[in-house]
Amino acid sequence: MIDLVSKLRQLLPEIRERRRSDKVSASKVLQETCNYIRKLHSEVDNLSDRLSQLLDSVDEDSHEAAVIRSLLM
């Protein structure tokens, strides 16, 4: 468990930026991990929506449309 929490600390931007001397509890690391995953999901959803809108605005047979479709897959 300690190894997992240590690896999560390295992945989380907010915790990684803190000084090494600042102790962060395992529960705080897990809470921040959940928050970070939710944020990433939200960013993916937003980008997907933007790509869908962009796809609606281009000719569906164009090279651009094919690239957008591949990004949405």
Side-chain angles (χ1 to χ4, degrees):
M1 179 75 168
I2 293 170
D3 189 44
L4 174 62
V5 171
S6 176
K7 288 178 182 178
L8 287 172
R9 278 189 178 121
Q10 295 170 7
L11 294 173
L12 298 171
E14 288 192 20
I15 293 177
R16 190 178 55 223
E17 293 170 0
R18 294 183 183 174
R19 294 187 316 234
R20 292 245 181 230
S21 61
D22 292 346
K23 295 288 182 186
V24 180
S25 69
S27 64
K28 178 69 173 172
V29 171
L30 293 174
Q31 175 90 33
E32 290 297 322
T33 300
C34 291
N35 291 341
Y36 189 57
I37 290 170
R38 281 188 206 101
K39 179 183 170 204
L40 290 174
H41 276 283
S42 176
E43 288 179 18
V44 167
D45 289 343
N46 289 338
L47 288 172
S48 180
D49 290 344
R50 289 174 57 194
L51 284 171
S52 292
Q53 291 171 356
L54 186 58
L55 185 59
D56 288 342
S57 70
V58 297
D59 178 23
E60 74 180 63
D61 295 326
S62 69
H63 174 69
E64 291 85 3
V67 170
I68 295 168
R69 277 194 295 277
S70 72
L71 291 171
L72 288 169
M73 298 288 174

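Bear in mind that the values here come from a model prediction, so they are computed numbers and not experimental data. Sequence positions, counted from 1, serve as the residue numbers for this chain.
Residues Leu40 and Leu47 do not share a hydrophobic cluster, defined by chaining ILVMFWY side chains whose heavy atoms lie under 4.5 Å apart.
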Let me check something: any side-chain donor-acceptor pairs from residues 48-58 under 3.5 Å, sequence neighbours excluded? List them with distances.
unit_1	atom_1	unit_2	atom_2	d
Ser52	OG	Ser48	O	3.1
Ser57	OG	Leu54	O	2.7

Side-chain atoms of residues 59-73: list all donor-acceptor pairs with protein atoms under 3.5 Å, sequence neighbours left out, distances to 0.1 Å.
unit_1	atom_1	unit_2	atom_2	d
Ser62	OG	Asp59	O	2.8
Ser62	OG	Glu64	OE1	3.4
Ser62	OG	Ala65	N	3.2
Arg69	NH1	Glu60	O	3.2
Arg69	NH2	Glu60	O	3.3
Ser70	OG	Val67	O	2.6

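Within the 4.5 Å cutoff, no side-chain heavy atoms of His41 are placed close to those of Val44.
Residues forming a side chain to side chain donor-acceptor pair (under 3.5 Å) with Ser42 (at least two apart in sequence, or on another chain): none. Residues passing the side chain to side chain contact (heavy atoms under 4.5 Å, CB included) test with Ile2, sequence neighbours excluded: none. In this structure Lys39 satisfies the side chain to side chain donor-acceptor pair (under 3.5 Å) test with no other residue, sequence neighbours excluded. By the salt bridge (Lys or Arg N to Asp or Glu O under 4.0 Å) test, Asp3 pairs with Lys7, sequence neighbours left out. Remark: Val24 engages Arg9, Ile15, Arg18, Lys28, Val29 in a side chain to side chain contact (heavy atoms under 4.5 Å, CB included) (not counting sequence neighbours).
Considering OG1 of Thr33 and CG of Leu11, their distance stands at 8.0 Å, rounded to 0.5 Å.
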